[in-house]
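One structure is given below, encoded as structure tokens.
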Amino acid sequence: PLDAIWVLDLDGAVGPATSDYLVRGLADAAAGGAGLVVIRMNTPGGLDGAMRDIISAILASPVPVATWVAPSGARAASAGTYILYASHIAAMAPATNLGAATPVSIGTPSTPRPPVPEAPRDTEPDDEQPGDSPGSATAMERKLVNDAAAYIRGLAHLRGRNADWAERAVREAESLSADEALEANVIDLVAADLGSLIEQLDGKTLATEAGERTLALANAAIYEASPDWRTEFLATITNPNLVLILGMIGFYGIILEFYNPGSLVPGTIGVICLLLAG
């Protein structure tokens with residue numbers, strides 16, 4: 001129905017499946033003349049590419065998007081924090097949290113760095129160079145963090161939210177509760193349930209890609225756009241944990257095939273697992 005409130009669920013890790021579901025949901029809501037899209041979110045984070053696809057769809061949406069961290073006990077960690085910052089309205093239920101947005105790599109542990117020889121006694125502290133200590137970040141890690149910090153600061157400035165805290169969430173993995181986030185101008189409101197969220201948003205005027213929209217939600221119908229079988233299937237086969245396991249099985253399967261040429265079974269299983277992981 002026209003001017004309906006569409007509710008989309010982001011429950012679990014952000015990946016290709018959730019990205020596909022939310023991007024399609026936002027497009028369908030715009031095509032259906034929705035008055036508001038609510039993304040009900042509970043996520044530990046996820047993949048950078050999928051997160052950026054979701055954010056691009058939110059920024060381009062002609063329909064206002066309210067991302068709501070719910071129910072109580074939910075979180076918007078890592079990628080969820082970026083999505084919350086990108087939304088026209090950022091809301092949280094009581095007893096939820098957001099933050100810890102430092103980018104990390106998925107994969108096997110990195111190779112330990114060799115110990116740095118102890119400096120001579122006459123070396124001055126000023127002679128030390130950044131990155132010389134064994135625990136310092138690599139150039140690639142610094143690039144990832146700097147890129148993520150600049151990205152979330154841009155989103156914060158766009159929506160008029162706390163950019164300094166957003167950068168600390170990336171660089172120092174800071175987190176906030178719902179009440180703390182509201183006080184720090186990280187979110188716009190706290191809502192215990194969907195009814196409270198709608199009531200607080202009714203009458204607000206928001207700037208969207210298509211221009212300003214005034215929300216008239218008092219008598220709006222609510223449409224729950226639940227994930228379909230396609231989303232569930234994609235979520236299963238693109239789960240980051242499953243992908244990592246398949247990659248490891250594939251890697252060791254290929255090694256076993258080299259140790260036992262002609263056995264075929266390890267190599268066949270290894271190739272299949274690597275293809276699925278890819």
Side-chain angles (χ1 to χ4, degrees), residues 10 13-16 18-20 22-23 26 37 39 41-62 64-69 75-92 96-107 110 113 128-133 135-178 180-189 206-210 238 240:
L10 198 175
V14 175
T18 50
S19 171
D20 175 75
L22 290 175
V23 170
L26 289 169
V37 174
I39 299 177
M41 181 164 61
N42 178 19
T43 180
L47 302 179
D48 179 80
M51 174 197 77
R52 289 177 185 257
D53 288 342
I54 294 169
I55 289 174
S56 295
I58 291 173
L59 297 181
S61 174
V65 178
T67 297
W68 176 44
V69 185
R75 57 179 168 165
S78 193
T81 301
Y82 296 80
I83 294 170
L84 200 64
Y85 259 83
S87 302
H88 302 91
I89 292 291
M92 299 174 71
T96 58
N97 64 279
L98 84 163
T102 306
V104 295
S105 298
I106 296 177
S110 58
R113 300 185 187 122
E128 296 179 6
Q129 297 298 320
D132 284 346
S133 64
S136 64
T138 64
M140 180 57 71
E141 288 168 344
R142 290 195 298 272
K143 286 180 180 179
L144 288 173
V145 170
N146 289 338
D147 177 67
Y151 188 49
I152 202 167
R153 283 193 74 92
L155 296 174
H157 289 311
L158 177 67
R159 301 302 188 202
R161 300 195 177 106
N162 190 328
D164 292 334
W165 181 86
E167 184 164 354
R168 290 199 301 274
V170 173
R171 297 189 183 279
E172 303 170 24
E174 285 198 10
S175 296
L176 292 175
S177 67
E180 291 169 338
L182 182 63
E183 185 177 352
N185 187 35
V186 171
I187 62 172
D188 302 300
L189 55 94
L206 302 172
T208 70
E209 187 69 12
T238 60

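Owing to the predicted nature of the structure, the values given are computational and were not obtained by experimental measurement. No hydrogens, no waters, no symmetry mates; every other heavy atom, side chains included, goes into these values.
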Requested in this report: Search all heavy atoms of Pro16 against all heavy atoms of Leu47 and return the closest pair with its distance.
Outcome: CD-CD1, 3.9 Å

Report task. Just jot down the salt bridge (charged side-chain N to carboxylate O under 4.0 Å, His left out) partners of Asp20, sequence neighbours excluded, or say none. Result -> Arg24, Arg230

Query raised in the report: Distance from Trp68 atom CH2 to Thr96 atom OG1, nearest 0.5 Å?
Result: 10.0 Å

Report task. Flag the pair Leu98 / Val69 as yes when at least one side-chain heavy-atom distance between them is below 4.5 Å, and no otherwise. Result -> no

Requested in this report: Could you tell me which non-hydrogen atom of Ala100 sits nearest to which non-hydrogen atom of Ser175, and how far apart they are?
Outcome: N-OG, 3.4 Å

Query raised in the report: OH of Tyr85 to OH of Tyr151: how many Å apart, nearest 0.5 Å?
Result: 14.0 Å

Query raised in the report: Hey, are Arg168 and Glu172 close enough for a salt bridge, meaning a charged N less than 4.0 Å from a carboxylate O?
Result: no

Requested in this report: State whether the side chain of Tyr82 and the backbone N or O of Asp48 hold a donor-acceptor pair below 3.5 Å, judged by distance alone.
Outcome: no

Report summary line: Here the gap from Ile54 atom CD1 to Ile83 atom CD1, rounded to the nearest 0.5 Å, amounts to 4.0 Å

Query - Within-4.5 Å side-chain heavy-atom neighbours: Val14 and Ser19 - result: no

Query - Point-to-point distance, once rounded to the nearest 0.5 Å, from CD of Glu141 to NZ of Lys143 - result: 12.5 Å

Query - Arg171 and Asn146, any side-chain heavy atoms less than 4.5 Å apart - result: yes

Query - Matching residue for Leu84 among Val186, Ile39, Ile187 - test: side-chain contact (heavy atoms from CB on, under 4.5 Å) - result: Ile187

Query raised in the report: Counting only N and O atoms by type, is there a donor-acceptor contact under 3.5 Å from the side chain of His88 to the main-chain atoms of Val65?
Result: yes

Query raised in the report: Taking side chain as C-beta onward, heavy atoms only, is Asp188 less than 4.5 Å from Arg161?
Result: yes

**Report entry** Distance in Å, Leu176 CG paired with Thr81 OG1, rounded so as to fall on 0.5 Å steps
**Finding:** 9.0 Å

**Report entry** OG1 on Thr208 to CG on Leu59, rounded to 0.5 Å
**Finding:** 11.5 Å

Query - Ala90 backbone acceptor or donor facing Ser87 side chain under 3.5 Å - result: no

Query raised in the report: With distance as the sole test, does Ser61 use its side chain to make a donor-acceptor pair with the main-chain N or O of Ala57 at under 3.5 Å?
Result: no

Query raised in the report: Does some side-chain heavy atom of Pro64 sit less than 4.5 Å from a side-chain heavy atom of Ile89?
Result: no

Query raised in the report: Can you tell if the side chain of Arg75 reaches within under 4.5 Å of the side chain of Asn97, non-hydrogen atoms only?
Result: yes

